[in-house]
S.K.: 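This is the structure, below, for whatever I ask next.
Excluded from the calculations below are hydrogen atoms, water molecules and symmetry mates; all remaining heavy atoms, backbone and side chain alike, are included. Residue numbers begin at 1 in each chain, while the letters A, B, ... track the order of the sequences.
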Amino acid sequence: MVLATALSPTVPTTVAINNNIQTTTHHHRLLHLLNQCTSMSHLKQIHAHTLRTTSTAHPHTLFLHTRILHFSSLHHLHYALLFFHTHIQNPNSFAWNTIIRACARSSHRKQEAILLYHNMLCEGNVVPDKHSFPFVLKACAYLFAISEGKQLHAHIFKLGLDSDVYINNSLIHLYGSCGRLEDARQVFDEMPERSVVSWNVMIESLVQLNEFDDALMCFREMQESFEADGFAIQSILRACAGLGALSLGMWAHAYVLRRCSPELAHDVLVNNYLLEMYCKCGSLESAEFVFERMVKRDVTTWNTMIHGFAMHGRVLPALEYLKRMVDSGGLTPNSITFSGVLSACRHGGMVSEGRNYFNLMTTRYGIEPVLEHYGCLVDLLARAGLIVEALDVVSNMPIKPDGVIWRSILDACSKTGVGMEVSEEMAKRVMESEEGSGAYVLLSRVYAVARKWDEVGAVRKVMVDKGVAKEPGCSSIEIDGVTHEFFAGENEMSLSQI
DNA sequence: CTAGGGTTAG
């Protein structure tokens, strides 16, 4: 609104300032320079020149400043923020939106977008407009700032912007990424007008929260009014991967090849999702087929294949992919690559290879092992009966071991009959050192493995007395409206009704 | 000036 006034022809076009520059022409010249500006140093020159030769009273100056703000935010956000705070005296909503957008798009200053929105309200003379909200909501979605998001939603109602498609799409995205499916759904259901983005965000939200069936239902409904695009296809492929829905996945694949643009069919991201879908659905041949025809591959492409083959026990092909990846050059294996490689070794019981790859990862590639890597290595060693070496790894690792690691050692102990005393001792030590219920579960497991049922009972009693009955290591299932619990550490399957 | 991919590990 303010911007429209500033640019309207009723504004005098020949206001002269003391150095006799015809200012409107001057503003246009500066604007032209700005549009061609590519470097930060050039931008700083224009900035200095603008401050020297333009009057802040001139209605075009704010527009010019906002352009500087925009261009500098693309190169140097800190500079842009400084510029905003020191040189823009009375920002209009356009100027506010520009700086808020810059922060919302940056990787490290998202929270500043929300703060700036707050400042805009506090200044009191500017009202946020329909452009403001998508930016701030995006920042909220990233930060899981649901409480701020709710307040923004209230502001949106108050300002009568609740039928705007862009804003509603942003709201669905916010609620979806914060796990508030009911809220996302409500916005989606009640919005008066939907674009293809509305459907895509709703479907993506459902997929993210593992509501795969609902996602597919939503997708079918969408097709009554819109053509599926690349975004929708990606969500659908992930839903298929989650459900193991091979035939629908194949349909999506055919759709990509037949109905979408050639660029999309060659898109790395889309193809990576295709690989994942085929791998998760157990069709490794189709994954290979897609993989071999990909014109461009990234690290994720290779990782997906390595994991896919490892997951299905196809150990040698998985390791072969690593070799090909390294040989083809250009791409460096990362942490996830090695988690797949180690998991392949574990599946194949390849102890020395596993050790070698673990060393290769740390020494050659400088990758800091995380719990998953240690977990694979420990499990690999323990399964091979190398309990002492496995324990050695655990005691030397810089990360606190979790229940999964302990359990893999205990599993190995119970299967091989080795190291029973060690594990009992170890479980006791863990129990002494930490106050969680996990240690009790662990200890009762050790006793159960050792068939020392009296001790199992004693530990259970301590747990009940201390009120740690709701321990992890227990899963539940609802059958005919009745909840059943399965306790870890019991060899025979038992069903205890609660 | 506005909305949607942070894809891969268990």
Side-chain angles (χ1 to χ4, degrees), chain A residues 3 63 66-67 69-71 73-74 92-102 104-105 107 110 128-138 141-142 144 161 164-174 176-177 187-188 191 193-205 207-208 229-235 237-238 241 264 267-277 279-280 287 297-311 318 321 333-344 346 369-376 379 402-405 407-408:
Chain A
L3 182 63
F63 182 73
T66 305
R67 293 312 287 168
L69 189 65
H70 175 68
F71 282 115
S73 76
L74 298 177
N92 55 13
S93 65
F94 181 28
W96 280 108
N97 292 349
T98 302
I99 192 67
I100 290 173
R101 171 177 59 167
R105 283 182 179 171
S107 46
K110 306 262 184 199
D129 60 20
K130 64 176 181 172
H131 296 292
S132 318
F133 290 102
F135 304 138
V136 200
L137 288 170
K138 187 198 184 91
Y142 180 89
F144 303 113
L161 295 170
D164 185 89
V165 186
Y166 284 78
I167 291 178
N168 279 313
N169 291 348
S170 302
L171 281 170
I172 298 171
H173 180 234
L174 166 78
S177 27
V187 175
F188 181 76
M191 64 197 287
E193 185 200 338
R194 292 181 194 137
S195 67
V196 69
V197 177
S198 321
W199 288 93
N200 286 345
V201 202
M202 190 64 231
I203 293 169
E204 176 60 28
S205 299
V207 171
Q208 242 169 34
D229 62 4
F231 288 102
I233 290 295
Q234 280 171 51
S235 303
L237 285 173
R238 285 170 55 206
L264 194 78
D267 184 78
V268 186
L269 215 67
V270 169
N271 279 285
N272 288 348
Y273 280 126
L274 276 171
L275 296 181
E276 205 209 332
M277 183 275 293
C279 285
K280 290 258 168 79
R297 303 181 182 121
D298 62 8
V299 181
T300 305
T301 312
W302 293 95
N303 289 352
T304 305
M305 293 306 275
I306 292 169
H307 276 280
F309 276 79
M311 188 190 300
Y321 276 113
N334 62 16
S335 178
I336 297 172
T337 315
F338 279 101
S339 109
V341 168
L342 292 171
S343 128
R346 171 171 62 170
V370 296
L371 209 52
E372 243 133 1
H373 300 119
Y374 284 114
C376 274
D379 197 51
D402 67 347
V404 177
I405 286 198
R407 198 170 305 130
S408 71

S.K.: For A/L237 and B/dT8, give me the distance from atom CG to atom C1', rounded to whole Å.
M.R.: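 Rounding to the nearest Å, CG of A/L237 and C1' of B/dT8 are 14 Å apart.
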
S.K.: Across the strands shown, which category fits A/S235 at heavy-atom distances under 4.0 angstrom: base, sugar-phosphate, nothing?
M.R.: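 The residue A/S235 makes no contact with any strand.
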
S.K.: Quick one: is B/dG5 close enough that its OP1 or OP2 comes under 4.0 Å of any side-chain N or O from A/H173?
M.R.: yes

S.K.: Between B/dT2, B/dG10, B/dT8, spot the one nearest the side chain of A/K130, thanks.
M.R.: B/dT2

S.K.: Kindly point out which of B/dA9, B/dG4, B/dT2 is positioned nearest to the side chain of A/I336?
M.R.: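 Within the option list, the nearest is B/dA9.
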
S.K.: With sequence neighbours left out, write down each residue that passes side-chain hydrogen bond (donor to acceptor under 3.5 Å, both in side chains) with A/T304, or none if nothing qualifies.
M.R.: none

S.K.: How long is the line joining CG of A/D267 and P of B/dG4, in whole Å?
M.R.: 17 Å

S.K.: Take the protein atom CG of A/L275 and the nucleotide atom C1' of B/dA9, then report the distance between them rounded to whole Å.
M.R.: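 Rounded to the whole Å, the gap is 16 Å.
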
S.K.: Sequence neighbours excluded, which residues qualify as side chain to side chain contact (heavy atoms under 4.5 Å, CB included) partners of A/Y374?
M.R.: A/F358, A/P369, A/V393, A/M397, A/P398, A/I399, A/I405

S.K.: Counting side-chain heavy atoms from CB outward, which of B/dG5, B/dA3, B/dG10 is closest to A/N169?
M.R.: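 Selected nucleotide (nearest to the side chain): B/dA3.
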
S.K.: Once you round it to whole Å, what is the distance between C1' of B/dG10 and CG of A/L342?
M.R.: 14 Å

S.K.: Check whether the side chains of A/R101 and A/H70 place a donor and an acceptor atom closer than 3.5 Å, and report yes or no.
M.R.: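 A/H70 and A/R101 do have a side-chain donor-acceptor pair below 3.5 Å.
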
S.K.: Nearest to the side chain of A/S335, heavy atoms from C-beta on, is which of B/dT7, B/dA3, B/dA9?
M.R.: B/dA9

S.K.: So if I take every side-chain heavy atom of A/S339 and compare against B/dA9, B/dG5, B/dT7, which nucleotide ends up nearest?
M.R.: B/dA9

S.K.: Among the candidates B/dG10, B/dC1, B/dT7, find the nucleotide nearest to the side-chain atoms of A/M311.
M.R.: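 Looking only at heavy atoms from C-beta outward on A/M311, the closest nucleotide is B/dG10.
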
S.K.: Can you find a side chain N or O atom of A/K138 that sits less than 4.0 Å from OP1 or OP2 on B/dG4?
M.R.: yes

S.K.: Looking only at side-chain atoms of A/N97, point me to the closest of B/dG10, B/dC1, B/dT7.
M.R.: B/dC1

S.K.: Which listed nucleotide (B/dG5, B/dG4, B/dC1) is nearest to the side chain of A/L269?
M.R.: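 Closest nucleotide among those given: B/dG5.
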
S.K.: Among B/dG5, B/dA3, B/dG10, find the nucleotide with the atom closest to the side chain of A/V165.
M.R.: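 Between B/dG5, B/dA3, B/dG10, the one nearest the side chain of A/V165 would be B/dA3.
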
S.K.: Picking from B/dA3, B/dG4, B/dT7, which would you name as closest to the side chain of A/Y273?
M.R.: B/dT7

S.K.: Are A/Q234 and A/V207 close enough that some pair of their side-chain heavy atoms sits under 4.5 Å apart?
M.R.: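 Result no, sub-4.5 Å side-chain heavy-atom pair not found.
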
S.K.: Under 3.5 Å, is there a donor-acceptor pair linking the side chains of A/N272 and A/N303?
M.R.: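 There is no such pair (donor and acceptor under 3.5 Å, judged by atom type) between the side chains of A/N272 and A/N303.
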
S.K.: So, under a plain 3.5 Å distance rule, would you say the side chain of A/E204 forms a donor-acceptor pair with the base of B/dG4?
M.R.: no

S.K.: Taking atom P of B/dA3 as reference, at what distance in whole Å does atom CG of A/N168 sit?
M.R.: 14 Å

S.K.: Donor-acceptor pair under 3.5 Å: do we get one between A/D229's side chain and the base of B/dG4?
M.R.: yes

